[in-house]
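The residues of the chain are indexed from 1 along the displayed sequence.
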Amino acid sequence: MKLSKKQFKQDFEERLASKFATNLTKAGHQETYATLASVVKHYYSSIWTADNQYRDEVGKKQAYYFSIEFLPGKLLKSNLLNLGILDTVRDGLADLGIDLDEVAKVEPDMAIGNGGLGRLASCFMDSLASTGFPANGNGIRYRYGLFKQKIIDGYQVELPDSWLDNGNPWEVRRADKAVEINFGGEVWLEDDGKGKLLPHYKNQERVLAVPYDTPMIGFENTTVNNMCLWRSEVPQDLDLKFQNLDYMRQTSMLSAELYPDDSNYDGRLLRLKQEYFFVSAGLQRILRHYKFTQKKDIRRIGDYIAVHINDTHPALCVPEFMRLLIDEYGVGWNRAWDTTVKVMSYTNHTILSEALEKWPEDMVKNLLPRLYQIIVEIDRRRTAELLPKVGATLVHNTRIIKDGQIHMANLAIIGSHSTNGVAKLHSDLLKDVELHDFYEIYPERFNNKTNGIADRRWIQISNERLSGVLDETIGKTWRHNLNDLSLLKHFKDDEKILKQLQMAKYDNKLRLAALIQERNGITVNPEAIFDVQIKRLHAYKRQLLNVLHILKLYFDLKDEPDLDVVPRVFIFGAKAAPGYHYAKSIIKCINEIANMINNDSDIDDKIKVVFLENYNVSLAEMIIPAANVGEQISLASKEASGTSNMKFMLNGALTMGTLDGANIEIFEAAGEENNFVFGLTKDEVYEYYRNGNYNARDIYEQNPIVYRILNSFIDGTIPNIKSEGREIFDSLTIYNDEYFVLRDFNDYVRAQKDLENLYRNQTAWTKASLMNIANVGRFSSDRTVREYADDIWYIKAKK
Ligand SMILES: *Cc1c(COP(=O)(O)O)cnc(C)c1O
């Protein structure tokens, strides 16, 4: 949009006066932020309205991305950037004596997601709007987002994230568009006199779902999509006998809290209720909108909408869409089924077995009696149809209802036309191993969509310093098409440009060093290698491997204080699921090891270990631009894709990584010689599984370095970790090291040595860094969403 600085300043001052009855000299940060957001909202509201109008008139097909998590972070700068007014507003505010960066800090992170899965959904929201696709989000407006992490005495402590206390300026409550959701009770079918069976209900629990819309603004275009988040409330006309506090509490619980379990299945009834809640609400709204605006035959809805099931949590979309079409809109079973399969598509995000959702049949039957009938009927018809075609074994292995449980992944695959993995390796594992039986039956449904990241947030906003260097070197087209970063290759031997890249990195390191000083009271050397591992804490991600290597360096220096090492700062950020004891023990150990090393005068600043608390999107935006190295060291086959690996690459960090997830594609694009590859391959891991011949105890007993490091967890060397140290020691030596940490240790140490040697040659290092940036184009989520649009949803971008 067009906006002059003069106009902005006038709008801002007027709004400040009308909204808060105050002026520039008296306004506090909260008032300044709320005023700014209000002005920005005014700027985009006409674009938003116009795009909605356009969609209804043109009636093009739209996609709806159903996700139980979104992780947008802060929206202020992103909205300013995408509207094309970031610089104007920054300058205008500066004229008024206001620092935009200070104002932006006031906004709480919108953290209604756990990690990669939610962040991917938000990167997609940005990319879908920025590439002009009509595609919207659908989720839950959790009153409390992911817990805030405090580190006290080295332990993780969880505090509530009450992010809505000061209101949320971006959302619009649409009470007129509320729908009702029903749980429990009894259902029976009765003939309606015209030969149709219609359901009748008794004693159902009624809940009102109220949508809150947040605009997803495209980058310098006219597209504004909608992220619809549902809040649960008590229906206005609720029968008096239900109007009690218990009912109110029950109802508000539905959208009260995000489940803080990352990839771990949690079998609580409330979770299932949440899943049905946002699925039913979203589908009801879509159908009503279709009927209202299109006035076309409901049986043609498959030509106008696509619904995406992001992981299994929204898999009830399949039976709920069937229910709505059949019971509410009078469509026959066969037509409803064909439409459902055509409309639905599904993404699998993990092969970890503990994350495969299953619900006890009785629970579904009691909570969702009509859906249960439909699921049984889907399963029955499919079994009857397929038995003669593919035989009993395949049918049995792929049943939706098995062993008294409803298998959500099976439901999603069977009820949709597309199942995709999130990186090449992961999609191949789905086809060849994990979902092989489904692949035999429905080979045409399987495909890969390698994840991506919204590059606007992960460089333009978070790394203005590097963005400036890029603009001056290769022009600005990369801001619209990340593939244009390949122009940088021409400068790989240009010493002036390499120097500028180094200076940009150095400035970002200074910025992070200041944050570390302020938050942790640790002084770090900006010349040191900034070696970063930031992600959820999980055994398979192997933060422990990183820790063992740090201890090795520490003991090496203790033995030989004059050893010539390149100084390193090891930086961690990670939340552990509150119930995940082992992960919390690792956090405690990292913090105690940090205390031990940081306060050891023998070590000086040769090694520093920093654990930054409360890892979230905003912190990632501070850390990643300053990283020299990104640690992506999961056991091969366990990390479906990873996306922080792409953020690091974009910001010129080199990857220390295993051949897992999208790392493989990163190495392919940027060159193995410009990164550090180590560890078992997926095939070697599966070979161990097949033969059952991994013996971690042998490594512990036979490798003296490993022996000394592991003993330090239990012999008092590392202080204050009595039970935690023992827990970790036992997991490796007695419980046979589930994720092959010890097996990969030696090769990891070797690769770390290679890394250190390359860093000694700053020109060679920076060249490698440049090659990572120059080849990152394909990891833009703009590319990813185009593939979804073309191959799965069949939607077209606005020209
Ligand atoms: C990108 C991101 C993730 C995902 O990180 P991985 O290393 O790919 O698991 C998790 N949390 C936040 C806040 C992120 O920005």
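- Under the 3.5 Å distance criterion, the side-chain polar atoms of Asp11 are left unmatched by any main-chain donor or acceptor of Val39.
- Counted by atom type alone, Thr643 and Asn451 present zero donor-acceptor pairs between their side chains at under 3.5 Å.
- Residues Lys74 and Val617 are not in side-chain contact: their nearest non-hydrogen atoms beyond the backbone lie 4.5 Å or more apart.
- Separating the CD1 atom in Ile623 from the CD atom in Glu621 is a distance of 11.0 Å, to the nearest 0.5 Å.
- A donor-acceptor pair under 3.5 Å is absent between the side-chain atoms of Glu787 and the main chain of Thr784, judged by distance alone.
- Under the salt bridge (charged side-chain N to carboxylate O under 4.0 Å, His left out) test applied with Glu613, the options Lys150, Arg519, Lys575 reduce to a single match, Lys150.
- Distance alone, capped at 3.5 Å, is enough to place a donor-acceptor pair between the Gln149 side chain and the Ala574 backbone.
- Side-chain rings of His313 and Phe278 stay apart, their centers remaining 6.0 Å or farther from each other.
- In this structure, Val677 and Ala751 approach most closely via the heavy-atom pair O-CB, 4.4 Å.
- Counting only distance, with no hydrogens or angles, the side chain of Ser634 and the backbone of Tyr540 share no donor-acceptor pair below 3.5 Å.
- Formation of a donor-acceptor pair under 3.5 Å by the Asn136 side chain with backbone atoms of Asn226 is found in this model.
- Ring to ring, His480 and Phe219 are close: their centroids are under 6.0 angstrom apart.
- Checking side-chain atoms of Lys489 against main-chain N and O of Met771 turns up no donor-acceptor pair under 3.5 Å.
- Shown here for Tyr33 and Val103, the closest heavy-atom pair between the two residues is CA-CG1, 3.5 Å.
- In this structure, the side chains of Lys41 and Arg15 stay at 4.5 Å or more apart for every pair of heavy atoms.
- Side chains of Pro72 and Met216 form no contact here, defined as non-hydrogen atoms less than 4.5 Å apart.
- If you check the side chains of Trp478 and Asp471, you find a donor sitting under 3.5 Å from an acceptor.
- By the 4.5 Å heavy-atom criterion applied to side chains, Phe530 and Asn508 are not counted as neighbours.
- Ring orientation note: the planes of Tyr44 and Trp48 are nearly perpendicular, at an angle over 60° on the 30°/60° scale.
- For the atom pair CG (Leu650) and CE (Met646), the distance works out to 11.0 Å, reported to the nearest 0.5 Å.
- Using a 3.5 Å distance cut-off with no hydrogens or angles, the side chains of Asn645 and Asn663 do pair a donor with an acceptor.
- Ser38 contributes no side-chain N or O that, together with a main-chain N or O of Ala34, makes up a donor-acceptor pair within less than 3.5 Å.
- For the pair Tyr142 and Asp161, the minimum side-chain heavy-atom distance is 4.5 Å or more.
- The salt bridge (Lys or Arg N to Asp or Glu O under 4.0 Å) analysis of residues 111-128, with sequence neighbours excluded, yields the pairs Asp126-Arg456.
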Checking Lys505 against Trp765 for the side chain to side chain contact (heavy atoms under 4.5 Å, CB included) test, could you report, in this order, the C-alpha distance in whole Å, the side-chain angles of both residues, the deciding distance, and whether it holds? CA-CA 12 Å; Lys505 183 62 79 183; Trp765 179 278; over 6 Å; no
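- We find the CD1-OG1 distance between Ile664 and Thr658 to be 8.0 Å, quoted to the nearest 0.5 Å.
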Would Lys5 and Asp91 count as a salt bridge (Lys or Arg N to Asp or Glu O under 4.0 Å) here? Give the steps. CA-CA 7 Å; Lys5 193 166 80 171; Asp91 293 350; 5.4 Å; no
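- Remark: Ala513 engages Val524 in a side chain to side chain contact (heavy atoms under 4.5 Å, CB included) (not counting sequence neighbours).
- Checked against Ser780 for a side-chain hydrogen bond (donor to acceptor under 3.5 Å, both in side chains), the options Asn481, Thr131, Asn483, Asp455 give a single hit: Asp455.
- The only option from Arg90, Arg479, Arg511 that meets the salt bridge (charged side-chain N to carboxylate O under 4.0 Å, His left out) definition with Glu464 turns out to be Arg90.
- In this structure, CG on Asp531 lies 15.5 Å from NZ on Lys608, to the nearest 0.5 angstrom.
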Please assess Leu83 against Val40 for the test side chain to side chain contact (heavy atoms under 4.5 Å, CB included), listing each intermediate value before the final yes or no. CA-CA 9 Å; Leu83 288 169; Val40 174; 3.8 Å; yes
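- Heavy-atom minimum distance, Lys584 versus Ala576: CG-CB, 3.8 Å.
- Note: Asn628 CG to Ile529 CD1 = 7.0 Å, rounded to the nearest 0.5 Å.
- Between Asn310 atom CG and Asn138 atom CG the span is 11.5 Å, to the nearest 0.5 Å.
- Judged purely by atom type and a 3.5 angstrom limit, Glu107 uses its side chain to pair as donor or acceptor with the backbone of Leu75.
- When every heavy atom of Ala423 is checked against every heavy atom of Gly661, the shortest pair comes out as CB-C, 3.9 Å.
- Of all heavy-atom pairs spanning Gly115 and Leu71, the tightest one is O-CD2, 3.5 Å.
- Every residue meeting the ring pair (Phe, Tyr, Trp, His ring centres under 6.0 Å) condition with Phe124, not counting sequence neighbours, appears here in chain and number order: Tyr65, Tyr788.
- By the salt bridge (Lys or Arg N to Asp or Glu O under 4.0 Å) test, Lys509 is found to be paired with no residue, residues two or more places apart in sequence or in another chain being considered.
- For the side-chain contact (heavy atoms from CB on, under 4.5 Å) with Leu36, the lone residue among Leu100, Leu16, Ile98 that qualifies is Leu100.
- Applying the salt bridge (Lys or Arg N to Asp or Glu O under 4.0 Å) criterion to Lys77, with sequence neighbours excluded, gives Asp101.
- A donor atom on one side chain and an acceptor atom on the other are not found under 3.5 Å apart for Thr655 and Gln632.
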Check the pair Glu639, Arg542 against salt bridge (Lys or Arg N to Asp or Glu O under 4.0 Å), reporting the backbone distance first and the verdict last. CA-CA 11 Å; Glu639 188 75 89; Arg542 300 202 296 190; over 6 Å; no
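- Checked against side-chain hydrogen bond (donor to acceptor under 3.5 Å, both in side chains), Glu171 has the following partners two or more places apart in sequence or in another chain: Arg141, Asn168.
- Side-chain polar atoms of Lys541 and Gln533 form no donor-acceptor pair below 3.5 angstrom.
- Checking side-chain atoms of Asn82 against main-chain N and O of Ile217 turns up a donor-acceptor pair under 3.5 Å.
- Here the side chain of Asn225 pairs a donor or acceptor atom with the backbone of Phe133 at under 3.5 angstrom.
- At a threshold of 4.5 Å between non-hydrogen side-chain atoms, the residues Val532 and Ile624 do not count as touching.
- In this structure, Phe779 and Glu665 have side chains that are in contact, with non-hydrogen atoms separated by less than 4.5 Å.
- With a 4.5 Å cut-off on side-chain heavy atoms, Cys228 and Tyr212 do not count as touching.
- The two residues Pro160 and Tyr144 have their closest heavy-atom pair at CB-CD2, 4.1 Å.
- No hydrogens or angles considered: nothing links the side chains of Ser641 and His426 as a donor-acceptor pair under 3.5 Å.
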